[in-house]
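Below is one structure, written out as structure tokens, with a few remarks after it.
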Amino acid sequence: MADKQFDVVVIGGGPGGYIAAIRAAQLGFNVACIDEWKNAKGGPALGGTCTNVGCIPSKALLQSSEHYEHAGKHFADHGIKVEGLGLDVAKMLARKDTVVKQNNDGIQFLFKKNKVASFHGRGSFVKATDAGYEIKVSGASEETIVGQHVIVATGSNARALPGAPFDEENILSNDGALRIGSVPKKLALIGSGVIGLEMGSVWRRLGAEVTVLEALPTFLGAVDEQIAKEAKKAFDKQGLKIELGVKVGEVKSSAKGVSIAYENAKGEAQSLDVDKLIVSIGRVPNTIGLNVEAVGLKLDERGAIVVDDDCKTNLPKVWAIGDVVRGPMLAHKAEEEGVAVAERIAGQHGHVNFNTIPWVIYTSPEIAWVGQTEQQLKASGRAYKAGTFPFLANGRARALGDTTGMVKFLADAATDEILGVHIVGPMASELISEAVVAMEFKASSEDIARICHAHPSLSEATKEAALAVDKRTLNF
Ligand SMILES: Cc1cc2nc3c(=O)[nH]c(=O)nc-3n(C[C@H](O)[C@H](O)[C@H](O)COP(=O)(O)OP(=O)(O)OC[C@H]3O[C@@H](n4cnc5c(N)ncnc54)[C@H](O)[C@@H]3O)c2cc1C
């Protein structure tokens, strides 16, 4: 017999789960959230991958390493002399841990504020009953709770290289990559996706010699080709070595470091010896310990929970959201699904627009986009117009001392509706929001071109790129 009965039980307290729990509580439901993440002391650490070993700590280290790089390489341009510049990696990591804890604590506070019952431990399905689904919580103690509705938000785990499991000492996932104790002399990255490039950027800025090995023949294949090319140029200039089209062979870890055998794009046998290796070849949906068999929850061949467009699973009143289901593995996508599911449970019309989910890579230059790339539009046969504007011609970018990159607009050739916006350059992560709003409201490029943008601001490059669609830039 279960101890506690809830309207909604959320399994997983990452951005998908904790946001779903809060929204459901706001809508008047009696909500529990079960999360098993442990902090260094074994206590709860709400926020999932995103808060503990993902978005938040990576951005903390990206910021610290960017300050270091600026102090060493760019302050002099501003007439600022830095003598005795040094690095305290332990302090940098401790600051990152503080930022993580602030976020963990923040979510705990939000749970209290919204009266979400928080359970620390692993949640697993026991059975379906007339009262709802029985879920066993295994933590410091064991108890069983019942949810009329269950939202599964158990996230994802890093994919390991076959034959080279993570030891988090030499062969690192995102977890180990965020707590390397001293700057490695040589660092290799297998996989040039978002996570790999961000981690590589951190350690390169701090002084590591970084080599990226990518199996695909194209760099950042999902990114607009023109933007990816511009980013690659900047990364090459920074000394990030990127080898495309490689076939990774044996990976050996020893006390001395990691030795990687691979074939380059020409088919020549190569080997690379490094101090540390970060493997960043994608993430696997996580249903470990969930005991899906007990209730017959359906998974697909990738191990993701099968859901329809509304995040409904094959079981009545069981929903799944975030990294554990189809779609992009992004925190804000998980959050949007969490809100939408809570609203659907309340009989409202929750809605997630997959066409306007922004993507960001927090390298320098940052890369951000929303909507379709030029190559996607070509492939679909849609007639389009393109307009670009370089940051080189933007006053604020010049004042910042960062003129790399451009803003690019793609609009329908007949209606001028914005189909995609792609940015590589300073603060692309912030600039993309305007494009998301515009696309959500089905704006035309002319709409953006006619809006007054503050001067001097990087956002003027957005306006100018919109003007460029009609070949009428004012400052270029
Ligand atoms: C290094 C890195 C950087 C990233 N940067 C970004 C970024 O900048 N922007 C962005 O949008 N995305 C980023 N991501 C991706 C983002 O972290 C994920 O998309 C997001 O965390 C998914 O949220 P989620 O709620 O689905 O799952 P998660 O955040 O993975 O949370 C799942 C939670 O469920 C818990 N759990 C799992 N199984 C159980 C169980 N049976 N019982 C109880 N608890 C369980 C886990 O412990 C975890 O706490 C990054 C990822 C990494 C690795």
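Whatever order the structure lists them in is the order used to number ligands and atoms, beginning at 1. We number each residue from 1, following the sequence as shown. We use all heavy atoms of the structure for the numbers below, so side chains are in, but hydrogens, waters and symmetry mates are not. None of the values given here were measured: they were computed from a predicted structure.
Within 6.0 Å of atom CG in Asp308, more than 12 heavy atoms from other residues, nucleotides or ligands are found, so the atom counts as buried in its surroundings. Atom NZ of Lys96 is surrounded by more than 12 heavy atoms from other residues, nucleotides or ligands within 6.0 Å. Atom NZ of Lys59 has more than 12 neighbouring heavy atoms from other residues, nucleotides or ligands inside a 6.0 Å radius.
Of the heavy atoms in Ala153, only backbone atoms (N, CA, C, O) come closer than 4.0 Å to ligand 1. Neither the backbone nor the side chain of Val360 has a heavy atom within less than 4.0 Å of ligand 1. Contacts of Ile195 with ligand 1, taken as heavy-atom pairs under 4.0 Å, involve the side chain alone. Only backbone heavy atoms of Ser156 (N, CA, C or O) come within less than 4.0 Å of ligand 1; its side chain stays farther off. With a 4.0 Å cut-off on non-hydrogen atoms, Asn174 touches ligand 1 through its side chain and not its backbone. The residue Met199 has no part lying near ligand 1, judged by heavy-atom distances below 4.0 Å.
When only modelled atom types and interatomic distance are considered, Arg204 and Ser65 share no side-chain donor-acceptor pair under 3.5 Å.
Not a single N or O atom of Arg283, backbone or side chain, sits closer than 3.5 Å to an N or O atom of ligand 1. For ligand 1, the polar-atom distance check finds an N/O of Thr49 within less than 3.5 Å of one of the ligand's N/O atoms. Taking distance alone, with nitrogen or oxygen atoms compared against 3.5 Å, Arg122 stays at or beyond that limit from ligand 1. Ligand 1 has no nitrogen or oxygen under 3.5 angstrom from a nitrogen or oxygen of Gly289. Not one N or O of Ser58 is nearer than 3.5 Å to an N or O of ligand 1, by distance alone.
Counting protein heavy atoms only, atom 49 (O) of ligand 1 is closest to Asp35 OD1, 2.7 Å.
Rounded to the nearest 0.5 Å, atoms CG (Asp167) and CG (Leu277) are 9.5 Å apart. Expressed to the nearest 0.5 Å, how far CG of Asn314 lies from CG of Leu297 amounts to 5.5 Å. For the atom pair CD (Gln63) and NE2 (His67), the distance works out to 4.0 Å, reported to the nearest 0.5 Å. Rounding to the nearest 0.5 Å gives a distance of 11.0 Å between CD1 of Ile321 and CD of Glu336.
For the pair Ile34 and ligand 1, a heavy-atom separation below 4.0 Å is found.
Among Pro44, Gly193, Ser124, Gly123, the residue whose heavy atom sits closest to atom 41 (N) of ligand 1 is Gly123.
Note: Phe119 and Phe6 have perpendicular aromatic rings, judged against thresholds of 30 and 60 degrees for the angle between ring planes.
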